[in-house]
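Heads up: the structure comes next, in structure tokens.
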Amino acid sequence: MVLGYILVAVGIVSLLSFIGALTLLFKKLDNIEHILVSFAAGTLIAVAFLDLIPESVAEINIKSVFYAVVSGFFLFFRLAHIHGSHIPT
């Protein structure tokens, strides 16, 4: 019974995601793309800071978690600047 609920929920979420993707494909909405990307990035950061990092601190040494978070931040910071996506125009 629970598996049925899970499959129905996954189907509904997948359908809504597909409808949203089709909407963005057929309409020229430059402004909404930036809003949606910003929302997705904020959601990922919130999940990391409010859920994943505290859970990892509870499981392993806080110093190891700190080094992993800081090194991951600087790695992606450098990759973004090497890629050149943040060059002012």
Side-chain angles (χ1 to χ4, degrees):
M1 189 66 173
V2 174
L3 179 62
Y5 290 139
I6 292 171
L7 292 175
V8 168
V10 167
I12 291 170
V13 169
S14 298
L15 182 65
L16 289 173
S17 298
F18 183 69
I19 290 170
L22 285 178
T23 303
L24 290 176
L25 280 176
F26 291 124
K27 291 185 177 181
K28 186 65 176 167
L29 300 173
D30 291 333
N31 190 21
I32 197 164
E33 285 182 15
H34 295 296
I35 294 170
L36 292 176
V37 169
S38 300
F39 178 74
T43 303
L44 288 173
I45 290 171
V47 167
F49 280 108
L50 298 176
D51 189 38
L52 298 176
I53 294 173
E55 186 175 333
S56 63
V57 167
E59 295 290 325
I60 60 175
N61 186 4
I62 191 168
K63 192 179 283 190
S64 300
V65 174
F66 173 75
Y67 289 141
V69 170
V70 170
S71 63
F73 174 78
F74 282 118
L75 173 71
F76 280 100
F77 181 77
R78 290 302 302 159
L79 284 175
H81 284 285
I82 289 171
H83 181 265
S85 61
H86 295 289
I87 298 172
T89 56

Co-membership, hydrophobic cluster, residues [X] and [Y], 4.5 Å side-chain:
X	Y	answer
Ile53	Val47	no
Phe73	Tyr67	yes
Val65	Ile45	yes
Val57	Leu52	no
Val8	Leu16	yes

Distance from [X] atom [atom1] to [Y] atom [atom2], nearest 0.5 Å?
X	Y	atom1	atom2	value
Glu55	Ile60	CD	CD1	11.0 Å
Ile12	Leu7	CD1	CG	11.0 Å
Ser17	Leu22	OG	CG	11.0 Å

Quiz prompt | Minimum heavy-atom distance between Ala48 and Pro54, given as atom pair plus value | solution = O-CD, 4.1 Å
Quiz prompt | Exceeds 12 heavy-atom contacts within 6.0 angstrom, atom CD1 of Ile62 | solution =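 Open.
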Quiz item: How are the rings of Phe77 and Phe74 set relative to one another: parallel (under 30°), tilted (30 to 60°) or perpendicular (over 60°)?
Solution: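 Geometry flag for Phe74 against Phe77: perpendicular rings.
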